[in-house]
Every structure is written in structure tokens, then in C-alpha cells.
Amino acid sequence: MGHYRSNLRDIAFNLFEVLEVGGYLGTGPFAQMDPDTARGVLEEVERVAGKVFADGFVSGDREGAHLAGEGEVVIPDGIKAGLDAFFDGEWFRLALPEHLGGAGSPPSLTWAASELFLGANPATLMYAAGPFFAAIVDPLVDDALRARYVVPMIERRWGATMVLTEPDAGSDVGAGRTRAVRAGDGTWHLTGTKRFITNGDFDWPENIVHLVLARAEGSGPGTKGLSLFLVPKYWVEEDGSLGERNGVVVTGLEDKMGLKASATCTLAFGESVPARGLLVGEVDDGIRHMFRVIEYARMLVGTKAIATLSTGYLNALDYAKQRVQGPDLLQAADRTAPRVAIIRHPDVRRMLMEQKAHVEGMRALVLYTASLQDRIRLGTDDAEALARRNDLLLPMVKGYGSEKSYELLALSLQTLGGSGYCRDYPHEQYLRDAKIDTLYEGTTGIQGQDLFFRKVARDQGATLGALVDEILATAKGDAGNGALATERALLGTAVGDVQGMLAALVGFFGDPSGRGLYRIGLNTTSLLMSLSELVIGWLLVRQAEVALAALAAGPSAAERAFYEGKVASARYFTRRVLPQLSARRAVLEQTDLAVMDLPDDAF
Ligand code: ST9
């Protein structure tokens, strides 16, 4: 049996029972995708992911991507087989708008499908970026560029990259030094070095289109002096044929901890041959455009992280049900007592429940966020408010999702004891492959800052306030039977804790020392984690309400177990996770500047 374990039942529960996407599937922009088709899509994606994607997972790690010849990157055969299946099956159309040949799929369905692909083999899906990046730049280009680049990126299955980072400009993208000068023929010549470029080269597509941030001649410093250029590996002639090899070349490949099948490249622009590029949008407007790609990729990374935790948990669960070791704790004194499956041991159950509650909670967060994107597409009256809420949740999906998944994958491995440390099981690879999620697409530190300064403080808490009002309504609500009373009360306490944290953070702005920003900076990650847990607690309580209603209707035995498991996740999360927010609030409120005042040599 392969490594990948999917949880389509929980995905369907989220989509159809909680988020009620069936109410708008088959209508408006999603006319092509009725509920039955959507369910069929998920089942088929689960099959493709579980077979051909999953088949290339371990071999991809062992073979890795490597450099051959003149800076050409060779990727493992198993990854290529996955790409063949993904494109032959036209799965890329799920994420495209209809005018680009898309399937009219709502984002919630697309992200659900993405979870399945990413859980089975994240490197493979990420190599398939071409069509998605094409769709993102499409609104920014004219018809000629669309025909020459956007359409072939989709229909000819080209690769694509997002090229921001430089050796000395990682989190601080605005420190980038790559330059672009006008060539006089409508094109630009780029010079500079970019590092950590995912999919920078690979020997599967006939062409790769790099989306590059560079500083146009005469532009100012910082991110607001960056422009977006489209730089192909092979120049594309006006008739669509491939022309000369362009001056963008791979000069290095990172030797990484994990995700070894995914090529992380250093790219040199214009070293010996000019690197010709085409401006996308206006000069100096590059960061704004690139953030359309970044937002998409941050959602992708959060989804990748929870997809990995989900399969890690389900593998650990299988193991815990089969592995017999030690007696039941109640019979520990009896040396002749029968040995039991380790799932019977309290500490193993704790580990399993910790994984289950979090993975279901984070899946709920991803799919709830995706459902906001559905409703924005539907063009509802509150679309602007929904877009702001989507923006508020993105750093949580990415930042919390990646941090917590990595932490809990260690627990998932721990569930297997020493076996988890061995390559007979997938956990050591899951852990290595998932670590990157807290790093790329903006580190957790960046997500925390983004959340507080850009998504909360900038509109003086208005977007967050509207969400908190909904959480409070759930906390104060009652299904009429007193069910979930403790969970609602704990949710209410958590709201108070987060409000207390926010009040303290806002207070730090006025710190008379003039160094209040340090006090904020010491706490933005804590806020990110705490606010995410509040939102997840809320989503799990809402899920428990739906599950309790389903239980009352007398489901089959298998369904009963599923719904009981859903209620248990909400109970566990509200009782064992949310109370930790009170401690974090106390820590935050006491923040002084001792850590900042400590001499560097004292660390
Ligand atoms: C990377 C690649 O890490 C990782 C791999 C990706 C692989 C992708 C593969 C995709 C595959 C797809 C497959 C799909 C499959 C689908 C399947 C279907 C079944 N939101 O605060 P300021 C903008 S790449 C929006 O002053 P600083 C905004 O325009 C490397 N916009 O920042 C703003 O202007 P204004 C990733 C935002 O101090 C302007 O920026 N690197 C946001 O100048 C300036 O803002 C990073 O992520 C936002 N949240 O610069 C960089 N924030 O304010 C991390 C900013 O006027 N660093 N803007 O609106 C940062 O994010 C920094 O905070 C910084 C700071 C660079 C923004």
C-alpha cells in the first residue's frame, strides 16, 4: 500500500454539509460544475493523486532533481509521470476561468482538489504552475501577449516561476538589485542574480516563463520601485514558434533538507547573453501584481502543509490500530495481562486526537477561506467585505497552517515510536518536505507582521471586528438543547483573550519609550497563532453543530462514527487548545523590552 491517505469524507463534509456549496454549484460562474459533477471530480482526483502522484513521492525524494550539462535541471521520472497524468487528465482546468478554457470550478472545489494532489506529492503539483500563473497575469496583458504567452502557458503546458528572491533580498524583497533597461525594441534586458527559485528549470515542458521582479532604469528604491517582467526560457516569436535560448540560466541548485524532487534554483540573468523580458503592467507596479501570485501561492503553501499533516495523521492512525505493545494502563500491574493495540494507550490517544483536531480545524480554515473566494466570484453585495476577510485569513492559512503542521508531523512520527524514524514509513520524509512551508512564501514572522500591521491595524480592526462578532454570536448561541455549552463558553473566553491581546498590542503603539514597535514585534507571531486558534475553534464548533444535527437524524454506523469524531474534535480543541490563549495573553501583556536590551553578546 502506498503512503498516501486521503480524507475525502471530511472534505465533502466541509464543502457540502457545512459550507453548503451545493447551494451555488451549477449556477452563475459555476454553471458547468453541478454538485454531482463536483463530487465526481473529487473522487477522480483522489484516485489520480493516490495512484500516479503518490507513486512518484518516495522515488522523487531519493532521486532528487539534479543539474546536468549546461545548467539544465533533470527531474525524477516519477514526477514526470505525475505531470503527464495531471495534464492528460486536464486537471489544470479546475483552477482556470472559463474564458481561458477553465472548468467553472469554484475555488473551494479547486482547493479541495489541491489538498488531494498536494498530500500525495507536492513537488509534482508545484511543477504544474504554468496554467495558474498564466491565469493570474492574464488580466494584465494585451491580446498579442495573451496569444504569445498566456495561451501557450496553458495549452502547451509550459512551466512558470515566481522570481522575487535574491541572495541578499529574501524577506526584504525591496532590497532586490536585479535591473531592467529598455532595449529600444519594446523589450527589456535584465541583469542580476535570483536565488531560491522553485521550478527554476526542469526537463519536462518545452518552455518556462519566469515572472521576474526587477528595478527598471530610473526607478526608486524599495518594493515600490520594482516592475514585473515576463522572461521566457526560450523566446517566443510572433507566430508562436520558439526562438532562441534566452539569457536566463541556472547557475546552482540547492542541496536541501527535503522536497528534493522540487528544483530550487539560482538563476543568472544576462550574464553572457541578454536576458530579454517583456514588461507586465506599468513600470513600478510590479509588487502589486506579484502579490496576486503571492496570495495564491500562500494559500497553496498552507494547503500543502495541512495536506501533509492529514496523510501523516492517517498513517499514524493506521499504525496505532495495528501495532500491539504493552498492556492496557488499567492492567499495568498484571504482567500476564493481554497486550493491546497502542491506540488503547492514553498518551497515544492524546497524540492522535491532537493531530485529528488540528488537521480538521486547519482544513476547515482552508476551505472556509476558499468559500469566501467562491462568494467573491459570485459577486454578492458583500464581496468587498469578503475580500478583506479573505485577506485577513490568508496569513493564518499560511502561517499557522505551516507552523502547526510541522510541529504536529513530529508528533505524528512520534506516534510510531522508533519505526517513525525509519524510511519504512513516510513520516521522516513528510517532516523534511513540510519544513519549507514555514519558510517560503513569506516566513512565519512575515505572516505575523502581515496579519497585525496590514490586515488588522490598517483598518483599525474593522475587518477583524466583523469576524469576531460572528464568533461571539456562535459563542452565545444555543442549539436549543444545551449541547456544546462548555465549548461555547470556552470560545467566548478565547474571544476575550484575543481582544485583550489586541488591546495590549494597540497600547504598545503609544509606549512612552518610543520603542513600542519592539514590544509589538515580539508578539506578532503569538497573535498569529492565537487568532488562528480562535478562528479554528469557532469553525470546529460550527462543524460540531452540523454533526450533532446529523447524529440526531440516525445515520448509519460508519456515518455515526464520523460525526461523533467531528464533535470530539470540537470538544478537544476548545477544551485543550483554546485555554492556552489565556496564558499567551498574560505573557503578551507583560512584554517588556528586556529581550531587546540584552547585548548581542549575552545571547
Ligand atoms: C517563493 C516561492 O517563496 C515558493 C514556491 C511557490 C511555488 C508556487 C507553485 C504554484 C503552483 C500552483 C499549482 C496550483 C494547483 C492548483 C490545482 C488544481 C487542482 N497582500 O508593506 P509594504 C504589496 S517566492 C497584498 O510597504 P515592504 C502591496 O502592493 C518568494 N499585497 O512592504 C503594498 O503596497 P500598499 C516569496 C501586499 O516593506 C506593497 O506590497 N517571498 C501584501 O515594501 C508594499 O508593501 C515573499 O513572500 C499582502 N499581504 O516589503 C516575500 N503585502 O501597501 C516575503 C504587501 O500600497 N516578504 N503587499 O498596498 C514580505 O511579504 C514583506 O512583508 C514585503 C515587505 C516584501 C511585502
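When reading the values below, keep in mind they use all heavy atoms of this one structure, side chains included, and skip hydrogens, waters and symmetry mates. All values derive from a computational prediction rather than experimental measurement. Both counts, for ligands and for their atoms, begin at 1 and track the order of listing.
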- Item | Backbone or side-chain N or O of Trp91 under 3.5 Å from ligand 1 N or O | no

- Query: Quick one: does Ser114 get within less than 4.0 Å of ligand 1, heavy atoms only?
  - Reply: yes

- Query: Near Ile287, which atoms of ligand 1 are under 4.0 Å from a heavy atom of that residue?
  - Reply: 39 (C), 40 (O)

- Message: Check the orientation of Phe57 and Tyr430. Use parallel for under 30°, tilted for 30 to 60°, and perpendicular for over 60°.
- Response: tilted

- Task: Identify whether NZ of Lys or CZ of Arg in Arg458 sits under 6.0 Å from the centre of the six-membered ring of Phe453 and within 45° of that ring's axis.
- Result: no

- Message: Yes or no: does Met299 have any heavy atom under 4.0 Å from an atom of ligand 1?
- Response: no

- Message: Against ligand 1, does Gln449 come closer than 4.0 Å with any heavy atom?
- Response: no

- Message: Within ligand 1, which atoms have a heavy atom of Thr165 less than 4.0 Å away?
- Response: 30 (C)

- State whether a side-chain donor-acceptor pair under 3.5 Å links Ser262 with Tyr127. no

- Just jot down the ligand 1 atoms closer than 4.0 angstrom to any heavy atom of Thr110, in number order. 18 (C)

- Message: If we only consider heavy atoms of Ala128, is any one of them less than 4.0 Å away from an atom in ligand 1?
- Response: no

- Item | Atoms in ligand 1 with a heavy atom of Gly442 nearer than 4.0 Å | 46 (C), 47 (O), 54 (C)

- Query: Distance only, no hydrogens: is a donor on one side chain within 3.5 Å (strictly under) of an acceptor on the other, for Arg215 and Thr178?
  - Reply: no

- Message: Quick check on contacts: which atoms of ligand 1 are under 4.0 angstrom from a heavy atom of Val173?
- Response: 51 (C), 66 (C)

- Heavy-atom distances under 4.0 Å are what count here, so tell me which part of Leu300 touches ligand 1: side chain, backbone, both or neither. side chain

- Is atom 31 (N) of ligand 1 close to the protein, meaning a heavy atom under 4.0 Å from it? yes

- Are side-chain N/O atoms of Glu115 and Thr303 paired as donor and acceptor at under 3.5 Å? no

- Message: Just to be sure I read this right, does ligand 1 sit under 4.0 Å from the backbone of Thr443, its side chain, both, or neither, counting only heavy atoms?
- Response: neither

- Any donor-acceptor N/O pair, Asp34 side chain to Asp36 backbone, under 3.5 Å: yes

- Message: Once you restrict to heavy atoms under 4.0 Å, what part of Tyr296 touches ligand 1? Side chain, backbone, both or neither.
- Response: side chain

- Residues Lys404 and Glu407 bridged, charged N to O under 4.0 Å: yes

- Message: Under 6.0 Å between ring centres: does that hold for Phe87 and Trp204?
- Response: yes

- What part of Arg458, side chain from CB on, backbone N/CA/C/O, both or neither, has a heavy atom under 4.0 Å from ligand 1? side chain

- Item | Thr198: numbered ligand 1 atoms lying under 4.0 Å from its heavy atoms | 4 (C), 5 (C)

- Would Tyr234 and Asn246 count as having a side-chain donor-acceptor pair, cut-off 3.5 Å? no

